[in-house]
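What follows is one structure encoded as structure tokens, with my remarks underneath.
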Amino acid sequence: LHMHLWSLGRAANESNYPPAFLGCFRDIFVDSHLVLPVTAPDNSDAQANLVVGCSDQDKCDDSPCQNRGRCVSQGWRSYMCECHRPYEGNTCEEEYVTARFGKKNLESFAVFSLDDDPGDTLTVSMFIRTRRSSGLLLILANTTSQYLRLLLEQGMVQVQVNNFETFVGRAAVNDGHFHLVTVKLEGKIAKLFQSAQSQGSMSIRHIKTHPGDLVFVGGLPDSRASILFGGNFKGCIQDLRINSKRLQFYPIATQVDSYSLERLINVARGCSSDNTCAVNPCLNGGVCYSMWDDFICNCPPNTAGQRCEEVKWCELSPCPATAICQPHSQGFECLSNVTFRDESSVLHYRSNEKIKRSLTSVSLSFRTRQSTATLLHAQKDLDYLTVSLQDSHLVMELQAGADKNSPKVTVQSQSPVSNGEWHTVEIIMENQTFPKSRWIMTVDRSMNELSVSDTAAGDLDFLRRADIFLGGMSLDAGVELSGCLGSMAIGGLLLPFLLDMELNLPRPQEEQFVRINSNTTLQYGCWGASVCVPNPCLNKGVCEDLFDLHHCTCPSDWTGPQCQDMTDTCVSSPCIYGNCISRPGGFKCLCEWGYSGEQCEVEVDMCENNNCSNGATCLKGFLSYSCLCPQNMTGHYCRLPHLPATTCVGTRWNYSCFNGGNCSEANNTCYCLPGFTGQW
Ligand SMILES: *[C@@H]1O[C@H](CO)[C@@H](O)[C@H](O)[C@H]1NC(C)=O
Ligand SMILES: *[C@@H]1O[C@H](CO)[C@@H](O)[C@H](O)[C@H]1NC(C)=O
Ligand SMILES: *[C@@H]1O[C@H](CO)[C@@H](O)[C@H](O)[C@H]1NC(C)=O
Ligand SMILES: *[C@@H]1O[C@H](CO)[C@@H](O)[C@H](O)[C@H]1NC(C)=O
Ligand SMILES: *[C@@H]1O[C@H](CO)[C@@H](O)[C@H](O)[C@H]1NC(C)=O
Ligand SMILES: *[C@@H]1O[C@H](CO)[C@@H](O)[C@H](O)[C@H]1NC(C)=O
Ligand SMILES: *[C@@H]1O[C@H](CO)[C@@H](O)[C@H](O)[C@H]1NC(C)=O
Ligand SMILES: *[C@@H]1O[C@H](CO)[C@@H](O)[C@H](O)[C@H]1NC(C)=O
Ligand SMILES: *[C@H]1O[C@H](CO)[C@@H](O)[C@H](O)[C@H]1NC(C)=O
Ligand SMILES: CC(=O)N[C@H]1CO[C@H](CO)[C@@H](O)[C@@H]1O
């Protein structure tokens, strides 16, 4: 019996017996002696691993697995935890130690050696956290070749196999969060995953790992070699594995199958951030807030940019009221228009001697009716530039990069520009990569108005050291221009009309043209000459100001540029059948016979007011009429009675007397009634 009970527990020699009983006993009596459960005295070897009670609760109900590990029941009273990465241990209580690479920008790396053959399928996986867009993550190498490289390029993971075969993941990983990166080399195919998402694959030549091959993490011992692959990694790596074997930078307490660490250089425990605000990266009074390996600048008003490096200068109202502020790279310009007249002076400019850019363009806007004038002139030794109006066209003449043989460059606007409208002209070097090139002029940004010089000249860099004049050839020559100038710029740098001392703030930009002080007062804005006061229009004509030109709108009976001429009202031949007489306010028609109306357009009715009497009908004729008499009437106007003829017996012949005439027997003729005549 003793032996039998012994067999219920664990025997000293396990191999002789079936596995130990796992379960409960109750009320075991031997000869009415209770043998189980009994309390054995201390340090007795009669019982081992027995407890009182018979709980049959599933161990997983107590949620023994930490860090979201999955509990798997293993029969009664036993369980196993399936841990999520990067957790480890029986209850997933331990986390793999995160390794910090590149802390304080130190060059760091780790080296492991493979002590076994990982087999045909090679899976490299790790958590990475970084804000860098490039850097070396991992290299697998044997003595002759680096056959697998994982790099960061433009924030994406790049996989290189056998030096030549390369592909890049789709999603960036440099957002400062942890990403699980997995690369699988299965036979002749390489695949990349981030978290569980596939990032692409490529076919490769088969690779073979051997014991003794090395794994470089975060960099190579030779830092110059690291630079070829984006430099040393800066960021954190955790829970690095090759297949199921761990590569631990700082080992955890739990025993896990790991490859051995050979070197660990400048790799720190944990994943603390560099103090990115320590160097105070925010400019212009921006306040720095640290983020992991990054910073945010809280910029004061009027500044912008990641480091508050952009000042919104115009919001500081640096320009006087006569000008409009325009932002300029690293500064501002005050734009204004000025009017040049006889009493104005030529303006004088020089560079501030800090202009570094190549000067390859001139732009200007102007408004004038002058057909000939110098707008801009500058000369240095043999080189010169003149922009002028000639015969109402804009002309640039340039001699630059001068040797005696180089021809002068002339380029001229297609159309006249002296029409009193604003025009904007751009003149640029056609190809700035050549020392000499043709020059192109465009007017009002219209491609139809594009002119190209026949010959080539160099750039305008001589203007960095030249005196530049606006409005005339030199200070002594007097102003030639009558009209307005707007923005004038050389190489994109303004020739400002305002003196620096007239600005509320100095211009901060490095490269400037500066107006040389003189006691000229400029007339800001664009004002035409006084062309309507006094009114040049005569005879109550109305004057219209068309900028340096007027137009008279005349009352109807006056004409001419000044309304000085009376209108010839007959010029349109208004009288149709008659003669025209011109008069102030109109004309008069003298109509021909038979016509009437204002313009003799009405033919007169000849029967109107006719003298046909006694019911006669008036018959119209050309400029006359006749009367058709009733039967008993006669005469021109039918005023005479139509009497029957009288038959007379004459001495020599018989005859008739008409119209009431009676017989005059004496000489065979008739006595006629009044109004009639003739023999009969
Ligand atoms: C256990 O049993 C085996 C086989 O019966 C025997 O060879 C061995 O010596 C025993 N071990 C002990 C510690 O009794
Ligand atoms: C190193 O690896 C490459 C690629 O797998 C292989 O071609 C080469 O033979 C290996 N060299 C040694 C010495 O193992
Ligand atoms: C100059 O004149 C142009 C045309 O009238 C106008 O559009 C521009 O705003 C003016 N510039 C300034 C600074 O007044
Ligand atoms: C300037 O010339 C170079 C060399 O011929 C050429 O590559 C480039 O495209 C040209 N640029 C322009 C704007 O024509
Ligand atoms: C400036 O003013 C002074 C005296 O007021 C005068 O002599 C001088 O000619 C002026 N200079 C210019 C450039 O107008
Ligand atoms: C009608 O007769 C009067 C008197 O003889 C004459 O003055 C007038 O012109 C005549 N009118 C017309 C339309 O013939
Ligand atoms: C002419 O005849 C009409 C009727 O036909 C008559 O009324 C009229 O009085 C006559 N006139 C004369 C002058 O006899
Ligand atoms: C003829 O007429 C005249 C005047 O008209 C008159 O004096 C005379 O008596 C008339 N003779 C006859 C025969 O009727
Ligand atoms: C003929 O008669 C007319 C009147 O009809 C008269 O005037 C004239 O003198 C007469 N002549 C002769 C020769 O009798
Ligand atoms: C010449 C002529 O014919 N004479 C005639 C005139 O009229 C009378 C009367 O009617 C006649 O008798 C005449 O013979």
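Basis for what follows: all heavy atoms, side chains included, without hydrogens, waters or symmetry-related copies. Every number for a ligand or one of its atoms is a count from 1 in the order of the listing.
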Cys612 and Cys618 SG atoms under 2.5 angstrom apart: no
Atom CG of Asn579 with >12 non-hydrogen neighbours under 6.0 angstrom: no
Lys208 atom NZ: more than 12 heavy-atom contacts under 6.0 Å: yes
Polar proximity ligand 2 side, Asn162 side, N/O cut 3.5 Å exclusive: no
Numbered atoms of ligand 3 (with element) below 4.0 Å of Asn337, judged on heavy atoms: 1 (C), 2 (O), 3 (C), 8 (C), 10 (C), 11 (N), 12 (C), 14 (O)
Which of the ligand 3 atoms, numbered from 1, are nearer than 4.0 Å to a heavy atom of Leu335: 13 (C)
Residue-ligand contact Ser336/ligand 3, heavy atom below 4.0 Å: yes
Sub-3.5 Å N/O-N/O distance, Thr322 and ligand 3: no
Number the atoms of ligand 2 from 1 as they appear, then name those within less than 4.0 Å of a heavy atom of [X], with their elements.
X      : value
Thr144 : 1 (C), 10 (C), 11 (N), 12 (C), 13 (C)
Lys208 : 5 (O)
Thr143 : 13 (C)
Asn142 : 1 (C), 2 (O), 3 (C), 8 (C), 10 (C), 11 (N), 12 (C), 14 (O)

Residue pair Leu185 / Ile207, side-chain heavy-atom distance below 4.5 Å: yes
Inventory of protein N or O atoms under 3.5 Å from ligand 6 N or O:
{"residue": "ligand 6", "atom": "2 (O)", "partner": "Asn611", "partner atom": "ND2", "Å": "2.3"}
{"residue": "ligand 6", "atom": "11 (N)", "partner": "Asn611", "partner atom": "OD1", "Å": "3.4"}
{"residue": "ligand 6", "atom": "11 (N)", "partner": "Asn611", "partner atom": "ND2", "Å": "2.5"}
{"residue": "ligand 6", "atom": "14 (O)", "partner": "Asn611", "partner atom": "ND2", "Å": "3.2"}
{"residue": "ligand 6", "atom": "14 (O)", "partner": "Tyr625", "partner atom": "OH", "Å": "2.8"}

Short N-O contact, Asp257 and Arg246, less than 4.0 angstrom: no
Short side-chain to backbone donor-acceptor contact, Arg369 and Asn419, under 3.5 Å: yes
Qualifying salt bridge (charged side-chain N to carboxylate O under 4.0 Å, His left out) pairs with a residue from residues 594-617, counting only residues at least two apart or across chains: Asp605-Lys620
Pair Phe112 + Phe249: ring centers closer than 6.0 Å: yes
Audit row: Tyr147, Asn163, side chain to side chain donor-acceptor pair (under 3.5 Å) steps and yes/no: CA-CA 7 Å; Tyr147 50 84; Asn163 280 323; over 6 Å; no
Criterion side chain to side chain contact (heavy atoms under 4.5 Å, CB included) on Ser361 and Glu426, from CA distance to verdict: CA-CA 7 Å; Ser361 68; Glu426 309 269 350; 5.8 Å; no
